[in-house]
*Asks:* 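Following this message is one structure expressed as structure tokens.
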Amino acid sequence: MIIVLIGYMASGKTSIGKKLKDKLNYNFIDLDDLIEEKEDMSVTNVFKTKGEVYFRKQEAYYLKEVLKSKEDIILSVGGGTPCYSNNMNTILEAPHVKSIYLKATIPTLAEKLLRKKAKRPLIAHIKTLEEMTEFIGKHLFERISFYNQAEIHVSIDGKEKDDIIEDILLELF
Ligand SMILES: Nc1ncnc2c1ncn2[C@@H]1O[C@H](COP(=O)(O)OP(=O)(O)OP(=O)(O)O)[C@@H](O)[C@H]1O
Ligand SMILES: O=C(O)C1=C[C@@H](O)[C@@H](O)[C@H](O)C1
Ligand SMILES: [Mg+2]
């Protein structure tokens, strides 16, 4: 089975994915990391030097490549992955795939992202909590209809990573 973790930036796709992989003894792939490895460049530098359109093309290509695998994989995608190139349908239509939306409220995301924005090119320029809250509010509104299509929704607000893992396992098995 391939378990695909989706959600907004900083919802915990990468960190929860890594922990879940150890619990289930699955392989782990982070789509942003895979792109960085294949492009031999950070996501930030891909955005800077080749542009977002190029990044989205590579993202869609590597998503399809990973979904072809027959192995057990936890796949953490990028925050924008489900929202471009028909990728959400690709995820939903792939055989042996379960999609999980790590769902967070705007205040949770704004607070986290203000502290961890440097490596996230879409929000690196935002300075105050107020501006971050406004940006995420608009951005999430555009994206939520894609995220909501995931088969399983798990709320992350105020939860420790281990509790989130437990909630995911309860939904999965
Ligand atoms: N439940 C949690 N409690 C406390 N800290 C958390 C929790 N989940 C994630 N974090 C921390 O929040 C930060 C963002 O998480 P992470 O990098 O996994 O998000 P992401 O969804 O992969 O983001 P992106 O889409 O930008 O790749 C990390 O520093 C992580 O350790
Ligand atoms: O939300 C987004 O569009 C992004 C999230 C990150 O995971 C990276 O894929 C990149 O910074 C774009
Ligand atoms: Mg990540």
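Residues take their numbers from the sequence shown, with the count starting at 1. Indexing begins at 1, ligand by ligand and atom by atom, following the structure's order.
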*Asks:* List every atom of ligand 1 that sits less than 4.0 Å from any heavy atom of S15, numbering the atoms from 1 in the order shown and giving each element.
*Replies:*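 Those qualifying, in numeric order: 9 (C), 15 (O), 16 (P), 18 (O), 30 (C).
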
*Asks:* Identify the closest protein heavy atom to atom 22 (O) of ligand 1: which residue and atom is it, and at what distance?
*Replies:*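 Going by distance alone, atom 22 (O) of ligand 1 is nearest to T14 OG1, 2.7 Å.
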
*Asks:* Tell me, with the steps shown, if Y8 and H139 meet ring-ring contact (aromatic ring centres under 6.0 Å, His included).
*Replies:* CA-CA 9 Å; Y8 199 73; H139 207 202; 5.4 Å; yes

*Asks:* Near ligand 2, which protein residues have a heavy atom under 4.0 Å away?
*Replies:*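 Near ligand 2, by chain and number: M9, D32, V43, F47, F55, R56, G78, G79, G80, P121, L122, R143.
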
*Asks:* Would you please name every residue forming a side chain to side chain contact (heavy atoms under 4.5 Å, CB included) with E166, sequence neighbours left out?
*Replies:*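 Residues passing side chain to side chain contact (heavy atoms under 4.5 Å, CB included) with E166: none at all.
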
*Asks:* For atom 26 (O) of ligand 1, which candidate among M9, R120, R115 holds the nearest heavy atom?
*Replies:*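 Heavy atom nearest to atom 26 (O) of ligand 1 belongs to R120.
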
*Asks:* At what distance is the nearest protein heavy atom to atom 4 (C) of ligand 1, and which residue and atom is it?
*Replies:*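 Checked against all protein heavy atoms, atom 4 (C) of ligand 1 sits closest to K161 CE, 4.4 Å.
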
*Asks:* Can you list the ligand 1 atoms lying under 4.0 Å from a non-hydrogen atom of Y8?
*Replies:*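 Counting atoms of ligand 1 from 1, those under 4.0 Å from Y8 are 21 (O).
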
*Asks:* Please work out, at 4.0 Å between heavy atoms, whether the side chain, the backbone, both, or neither of K159 comes within that distance of ligand 1.
*Replies:*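 For K159, only backbone atoms sit under 4.0 Å from ligand 1.
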
*Asks:* Could you give the side-chain donor-acceptor pairs of residues 30-38 under 3.5 Å, partners two or more places apart or in another chain?
*Replies:*
residue : atom : partner : partner atom : Å
D30     : OD1  : D32     : N            : 3.2
D30     : OD1  : D33     : N            : 3.1
D30     : OD2  : T14     : OG1          : 2.7
E36     : OE2  : V43     : N            : 2.8

*Asks:* Nearest protein heavy atom to atom 25 (O) of ligand 1, by residue and atom, and its distance?
*Replies:*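 Here the closest protein heavy atom is K13 NZ, 2.6 Å.
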
*Asks:* Are I168 and I152 side-chain neighbours, meaning at least one heavy-atom pair lies under 4.5 Å?
*Replies:*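 Side-chain contact under 4.5 Å: no.
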
*Asks:* Compute the minimum heavy-atom distance from I156 to ligand 1 and say whether it is under 4.0 Å.
*Replies:*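 Not so, I156 does not reach ligand 1.
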
*Asks:* Provide, to 0.1 Å, the distance between atom 11 (C) of ligand 1 and the closest protein heavy atom, together with that atom's residue and name.
*Replies:*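 Ranked first by proximity to atom 11 (C) of ligand 1 is K112 NZ, 3.8 Å.
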
*Asks:* Would Y54 and E39 count as a side-chain hydrogen bond (donor to acceptor under 3.5 Å, both in side chains) here? Give the steps.
*Replies:* CA-CA 11 Å; Y54 177 83; E39 293 293 310; 2.9 Å; yes

*Asks:* Looking only at distances, can you tell me whether any N or O atom of I164, backbone or side chain, sits closer than 3.5 Å to an N or O atom of ligand 1?
*Replies:*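 No; the residue has no nitrogen or oxygen that sits under 3.5 Å from a nitrogen or oxygen of the ligand.
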
*Asks:* Could you walk me through whether T128 and E131 satisfy the side-chain hydrogen bond (donor to acceptor under 3.5 Å, both in side chains) test, starting with their C-alpha distance in whole Å, then the side-chain angles of each, then the deciding distance to 0.1 Å, before giving a yes or no?
*Replies:* CA-CA 5 Å; T128 68; E131 281 175 283; 3.2 Å; yes

*Asks:* Should the heavy atoms of other residues, nucleotides or ligands under 6.0 Å from CG of D40 be counted, would the total exceed 12?
*Replies:*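 No, not enclosed.
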
*Asks:* Using a strict threshold of under 4.0 Å (side-chain N to carboxylate O), is an ion pair present between R56 and E52?
*Replies:*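 Judged by the 4.0 Å cut-off on N to carboxylate O distance, E52 and R56 do form a salt bridge.
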
*Asks:* Mark up the atoms of ligand 1 that fall under 4.0 Å of a heavy atom belonging to G79, in ascending order.
*Replies:*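 Near G79, meaning under 4.0 Å from one of its heavy atoms, ligand 1 has 25 (O).
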
*Asks:* Distance to 0.1 Å, residue and atom name: give those for the protein heavy atom nearest to atom 27 (O) of ligand 1.
*Replies:*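 Heavy-atom neighbour on the protein nearest atom 27 (O) of ligand 1: D32 OD2, 3.5 Å.
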
*Asks:* Should A10 be listed as contacting ligand 1, given a heavy-atom distance under 4.0 Å as the test?
*Replies:*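 The answer is yes, since A10 has a heavy atom less than 4.0 Å from ligand 1.
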
*Asks:* Under a 3.5 Å distance rule, please check whether K159 uses its side chain to pair with a backbone N or O of S155 as donor and acceptor.
*Replies:*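 Confirmed, K159 side chain pairs with S155 backbone.
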
*Asks:* Would you say that S76 contacts F28 through its side chain, given a criterion of any heavy-atom pair below 4.5 Å between the two side chains?
*Replies:*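 S76 reaches F28 side chain to side chain.
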
*Asks:* Is the number of heavy atoms from other residues, nucleotides or ligands within 6.0 Å of CG (N25) greater than 12?
*Replies:*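 Atom CG in N25 is not crowded, with 12 or fewer foreign heavy atoms closer than 6.0 Å.
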
*Asks:* Among residues at least two apart in sequence or on other chains, which ones pass side chain to side chain contact (heavy atoms under 4.5 Å, CB included) with K48?
*Replies:*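 K48 satisfies side chain to side chain contact (heavy atoms under 4.5 Å, CB included) with T44, N45 once adjacent residues are dropped.
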
*Asks:* Evaluate the side-chain proximity of L63 to L67: yes if any heavy-atom separation is below 4.5 Å, no if none is.
*Replies:*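 They are in side-chain contact.
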
*Asks:* Regarding T14, does it place an N, O or S atom less than 2.8 Å from the Mg ion (ligand 3)?
*Replies:*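 Yes, within the cut-off.
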
*Asks:* Looking only at heavy atoms of S11, does any of them come nearer than 4.0 Å to an atom of ligand 1?
*Replies:*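 Within the 4.0 Å threshold, so yes.
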
